[in-house]
Amino acid sequence: LFVCTQNNNEPLRFCKIIKALHQLYYDPNIENKNLAQKWLMQAQVSPQAWQFCWVLLRPEKVPEIQYFGASALHTKISRYWGDIPAEQYDTLKTQLFSQIAHFASGSKIVLTRLCVALASLALNMMPEAWPGAVSEMVRMFQEEGGEVDGRARCLALLELLTVLPEEFQTSRLPQYRKGQVRGALGREWTAVYPLLQQLLRQPDSPPLVKARVLKCLSSWVLLDVPLNESEGLVEASFTALADPELFDTAVEAIVNTISQPDSQRYVNTLLKLVPQVLQLQEQLRDAIQNGDMETSHGICRIAVSLGENHSRALLEQVEHWQSFLALVNMIMFCTGIPGHYPVNETTSSLTLTFWYTLQDDIMSFEAEKQAIYLQVYRPVYFQLVDVLLHKAQFPTDEEYASWSSDEKEQFRIYRVDVSDTLMYVYEMLGAELLSNLYDKLGRVLTNTEPTTTWQHTEALLYGFQSIAETIDVNYSDVIPGLIGLIPRININNVQLADTVMFTIGALAEWLADHPVMLSSVLPLVLQALGNPDLSVSSVSTLKKICRECKYDLPPYAANIVAVSQEVLIKQIHKTSQCMWLMQALGFLLSALPVEEILRNLHSLITPYIQQLEKLAGETPNPSNKLAIIHILGLLSNLFTTLDITKQEEESGENAPPIKSAPPQTGPNPVVVVLQQVFALIQTVLSKWLNDSQVVEAVCAIFEKSVKTLLHDFAPMVSQLSEMLGQMYSTIPQASALDLTRQMVHIFASETNNFPPIKALFELVTSVTLTIFQQGPRDHPDIVDSFMQLQAQVCFWFLISFTLGFSLLFRCPFLSHFSSLLSCTELIPRCADIPPVGQVVQENGKLLLLAVLEAIGGQSSRSVMDQFAEVLFCLNKHCFALLTVWLKEALRSPGFPSSRVSNEQKDTFSQQVLRERVNKRRVKDIVKEFTLVCRGLHGTEYAADY
């Protein structure tokens, strides 16, 4: 019995491996499976794995056990190559060849793992210890002898040759070795190519062998095999496309070969491939006619790969322009493949990136050359627009109703991709594209014969929407006509209505420059607000109009507010759309005189205030909690956009000024409302202070108001600071800190508001210090918010409150990025700002101890760079102090880790103190030291770090 060792050195008998494997594969209990897997992984990396892996591969064992043995072999070779004495290389190689020959007629999964193990061995030995490795593999398996028949040996060899490049891609070889091995493998292609060529062209080769050959080709081309050196195999792969059994693997081989970045250098070979791709068109049409989606998909992949990867190279071959244009038209056929995506076809989406690439390549030519190409390809792109809009059409209502929700979602995403493509195509076709769409829409809407479906109308509008959403169409001469056409659309379908709404929304900026047209479309939007099926489109469109056209909306304000109030009261829309609607109303009211704003606010929010008063008097329960949060959310979203500040921007030197509201006098309406409801909000808080979601909703009202109003919020600073202090003292919550951060940022520099802000900052700092002393890890949200508060506070303000500043230096043990960032920002000021220097001198050692403790293993290795920056900063700006602190800190036995010796600590200290310029070097020193502290130095984990 062979013995392996666990981490605790407890002996483990071979029978326990068998038992653990049985438990892993057959025990129904998932916990037992996980325990077995963990235990087996430990056994697999143990020194004794070299012995038991061969025992597990014995013929009498079941495949599951043999597979584990083969996996153990691969693990030892790939990860612990250094354990193998050089004199054992040939013995190990011979054993692996023998095992592969044996399993050539046995279990496929075991054979594959053994091939991977031999591949790993070859990669580690190449090129010095095993020159000509691939040639030897081919020769070994081609030799007659043994009990294994020729076909099995051939398949085993192909498996080995296939996994060799794949293993290289995932190997743990050092970077310098990777370059050597890649070069050695590239030179071995001359031994692989003739074998693959012979097997693929041999008439009596079984389909399985040919399929393995194609798979092997796919694997080797990933090593950047020159395209002209695999030309014969690619041609044979095209021939294999006629065989249904080989079709899929042939497609992969062709696509992988022509997709290699280096392939574009071999223009002559690429030109030979174009006719071969074009010859597939008949097979493509037959596949589409017969509903063979797999075949049509594969052929389109080949055409798109050739066009997408090499469009520029092929465009530049002017004498072959007709063949490339034929390829482009073939891809166009693939774009317009019959049927609806994704139910009837899944191919057209593959082609969209090609059209981006081709357009970029054409537009990148110099002007004269570009003009020539545009003469040829502008008509192609106009045709593409027609094809894309046809593909974007919805199916019939009956068919669409039969689609699953997943199919509908995929179709929605597909339409977004089509929209992006249309937007991009506009860059080439320009205003003529809009005119083209307008003419078609005009003909559809003025056609008296009811032959056109709503789907056609919707698709044309969708084209307009796609372009107007991202392209400036303010100077287009067809938009007025489009706005005039929209009311003529017979909207009898939800999808069509949605697109009408989104199109109007996309034209909101244009409407701001042409407000006379608002009367044509605003009634449609307000009417749609009452339809729950149009919730997203109608509300988002109204919000865009109110944002862009607010100074032209006062004549419509009363109607907009009335309709909005009605749909809010009827609860037609979901919560998120209600919030958008309140934002829209905030934009709208911002342009009105203060008196009208207050009057509208009174009618708009009074019902909610009354409801909130009622809820505040009830015993807290889940139902009224949701209602309270909803009302508070409505108010906060309204105040987010209600801004009466006059905007005095200009869009350009000669452009007219942007329209703005008349100057406002008196208190800000938002402040007036907040002062009126402040006592009610305090009442709500008194009952719900334990609920973080309600507290967060309350804080959101004030936080969004502060962000919008800025210094206009000043009248409320004192009472809000007092309320925040009481809230945080009673039950500290992160949302209160976030609001404090906004208050400090905006009002700390104002003389009148400084006292309450100072008192609030001192209070939250004191309370937070108490929390940290009791156990900060129980309050990660508070830690996060407090560190953001500290990071944002300006230098002079920190200096005014040494308590907060000192606390900042005591917090990096929390491994929080904000606290570390703050330290590295403040330490450089210790020389020129005396109070900062005093705090560093008094608390710097605490900071260093926290950093060393984290490096010693108390924090994730992923943040070691940040701790290294703190060390570098201290070394650069406080060298004398750091020298003393390091000596004192590292003198403590077992600190920062029991795994490091005094000599290692001294070396670390000297290395750090030596580097006052090279920050990158300090990071490397810290990384190496943390691995030593964690006992990981020299392990496989260190290689990944």
Side-chain angles (χ1 to χ4, degrees), residues 186 217 221-235 237-238 251 253-281 284 299-336 348 350-385 387-388 420-430 432-433:
L217 172 61
V221 295
L222 297 177
L223 297 173
D224 298 326
V225 171
L227 182 61
N228 62 340
E229 293 183 13
S230 58
E231 188 177 315
L233 282 172
V234 178
E235 290 179 6
S237 299
F238 273 97
V251 168
I254 294 168
V255 169
N256 288 337
T257 303
I258 61 182
S259 297
Q260 294 308 306
D262 196 48
S263 298
Q264 58 190 343
R265 293 169 45 200
Y266 306 99
V267 177
N268 290 334
T269 304
L270 291 174
L271 289 172
K272 293 177 185 177
L273 294 178
V274 174
Q276 295 186 64
V277 174
L278 294 176
Q279 286 176 5
L280 299 174
Q281 290 181 92
L284 173 62
I299 293 174
C300 287
R301 278 187 64 199
I302 293 171
V304 170
S305 294
L306 182 59
E308 190 176 311
N309 288 287
H310 306 294
S311 62
R312 187 176 184 90
L314 293 172
L315 275 170
E316 289 177 333
Q317 309 310 306
V318 180
E319 65 276 16
H320 298 279
W321 70 271
Q322 288 177 312
S323 63
F324 182 62
L325 180 59
L327 178 65
V328 171
N329 286 326
M330 181 178 177
I331 297 173
M332 179 76 76
F333 180 78
C334 295
T335 304
S348 56
L350 297 176
T351 67
L352 299 182
T353 309
F354 164 75
W355 298 110
Y356 287 84
T357 305
L358 178 61
Q359 179 176 325
D360 283 344
D361 289 336
I362 292 172
M363 303 304 286
S364 68
F365 288 122
E366 62 274 13
E368 186 177 344
K369 198 172 184 180
Q370 184 187 118
I372 296 172
Y373 281 108
L374 286 175
Q375 284 183 347
V376 177
Y377 287 99
R378 272 177 64 88
V380 173
Y381 273 83
F382 274 112
Q383 181 189 352
L384 174 65
V385 171
V387 169
L388 290 176
D420 292 342
T421 308
L422 289 170
M423 177 269 294
Y424 205 73
V425 167
Y426 180 84
E427 298 292 333
M428 176 187 278
L429 302 182
E432 191 179 344
L433 173 57

If you compare all heavy atoms of [X] against all heavy atoms of [Y], which two are closest, and at what distance to 0.1 Å?
X: Val380; Y: Met332; value: O-CE, 3.2 Å
X: Pro226; Y: Tyr266; value: CB-OH, 3.3 Å
X: Ser230; Y: Thr257; value: OG-CG2, 3.9 Å
X: Ser259; Y: Asn309; value: OG-ND2, 3.5 Å
X: Ala313; Y: Gln317; value: O-NE2, 3.1 Å

Item to check | Crowding at CD, Glu366 (>12 non-hydrogen neighbours, <6.0 Å) | outcome: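 Count over threshold, so yes.
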
Rounded to the nearest 0.5 Å, what separation is found between the [atom1] atom of [X] and the [atom2] atom of [Y]?
X: Ile372; Y: Gln370; atom1: CD1; atom2: CD; value: 11.0 Å
X: Ser305; Y: Ile254; atom1: OG; atom2: CD1; value: 10.0 Å
X: Leu280; Y: Met330; atom1: CG; atom2: CE; value: 5.5 Å
X: Cys334; Y: Leu284; atom1: SG; atom2: CG; value: 5.0 Å
X: Leu327; Y: Leu358; atom1: CG; atom2: CG; value: 10.0 Å
X: Tyr381; Y: Leu422; atom1: OH; atom2: CG; value: 12.0 Å

Any side-chain heavy atom of [X] within less than 4.5 Å of one from [Y]?
X: Leu273; Y: Gln276; value: yes
X: Ser237; Y: Leu217; value: yes
X: Trp355; Y: Val425; value: no
X: Val267; Y: His310; value: no
X: Leu388; Y: Leu352; value: yes
X: Glu427; Y: Met363; value: no

Next on the checklist: Testing Phe365, Phe324, Trp321 one by one against Tyr373 for a ring-ring contact (aromatic ring centres under 6.0 Å, His included), which residue passes?
Outcome noted: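 Going through the options one by one, the only one that passes is Phe365.
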
Next on the checklist: With side-chain contact (heavy atoms from CB on, under 4.5 Å) as the criterion, how do Val234 and Lys272 come out once you've worked through the C-alpha distance, each side chain's angles and the decisive distance to 0.1 Å?
Outcome noted: CA-CA 11 Å; Val234 178; Lys272 293 177 185 177; over 6 Å; no

Next on the checklist: When you compare the side chains of Thr269 and Asn228, does any donor N or O come within less than 3.5 Å of an acceptor on the partner?
Outcome noted: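 The criterion, which ignores hydrogens and geometry beyond distance, is not satisfied for Asn228 and Thr269.
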
Checklist entry - Side chains of Glu308 and Thr357: do they bring a donor and an acceptor to under 3.5 Å? => result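 The criterion, which ignores hydrogens and geometry beyond distance, is not satisfied for Thr357 and Glu308.
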
Item to check | Glu432 bridged to Arg378 by N-O distance under 4.0 Å | outcome: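 Looking at Arg378 together with Glu432, the answer is yes, because their closest N to O distance falls below 4.0 Å.
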
Item to check | Counterpart residues, ring pair (Phe, Tyr, Trp, His ring centres under 6.0 Å), relative to Tyr424 (two or more places apart) | outcome: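 If we apply the ring pair (Phe, Tyr, Trp, His ring centres under 6.0 Å) test to Tyr424, skipping adjacent residues, the hits are Tyr356.
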
Checklist entry - With sequence neighbours excluded, what pairs up with Phe238 under the ring pair (Phe, Tyr, Trp, His ring centres under 6.0 Å) test? => result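 Testing Phe238 for ring pair (Phe, Tyr, Trp, His ring centres under 6.0 Å), a comparison that skips the adjacent residues, returns none.
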
Next on the checklist: Leu374 vs Met428, test: side-chain contact (heavy atoms from CB on, under 4.5 Å). Steps then yes/no.
Outcome noted: CA-CA 9 Å; Leu374 286 175; Met428 176 187 278; 3.9 Å; yes

Item to check | Criterion side-chain contact (heavy atoms from CB on, under 4.5 Å) on Leu227 and Asp262, from CA distance to verdict | outcome: CA-CA 8 Å; Leu227 182 61; Asp262 196 48; over 6 Å; no

Checklist entry - Side chain of Gln281, backbone of Leu278: donor and acceptor closer than 3.5 Å? => result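 Confirmed, Gln281 side chain pairs with Leu278 backbone.
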
Checklist entry - Is there a side-chain contact (heavy atoms from CB on, under 4.5 Å) between Phe354 and Thr335 once you walk through the steps? => result CA-CA 10 Å; Phe354 164 75; Thr335 304; over 6 Å; no

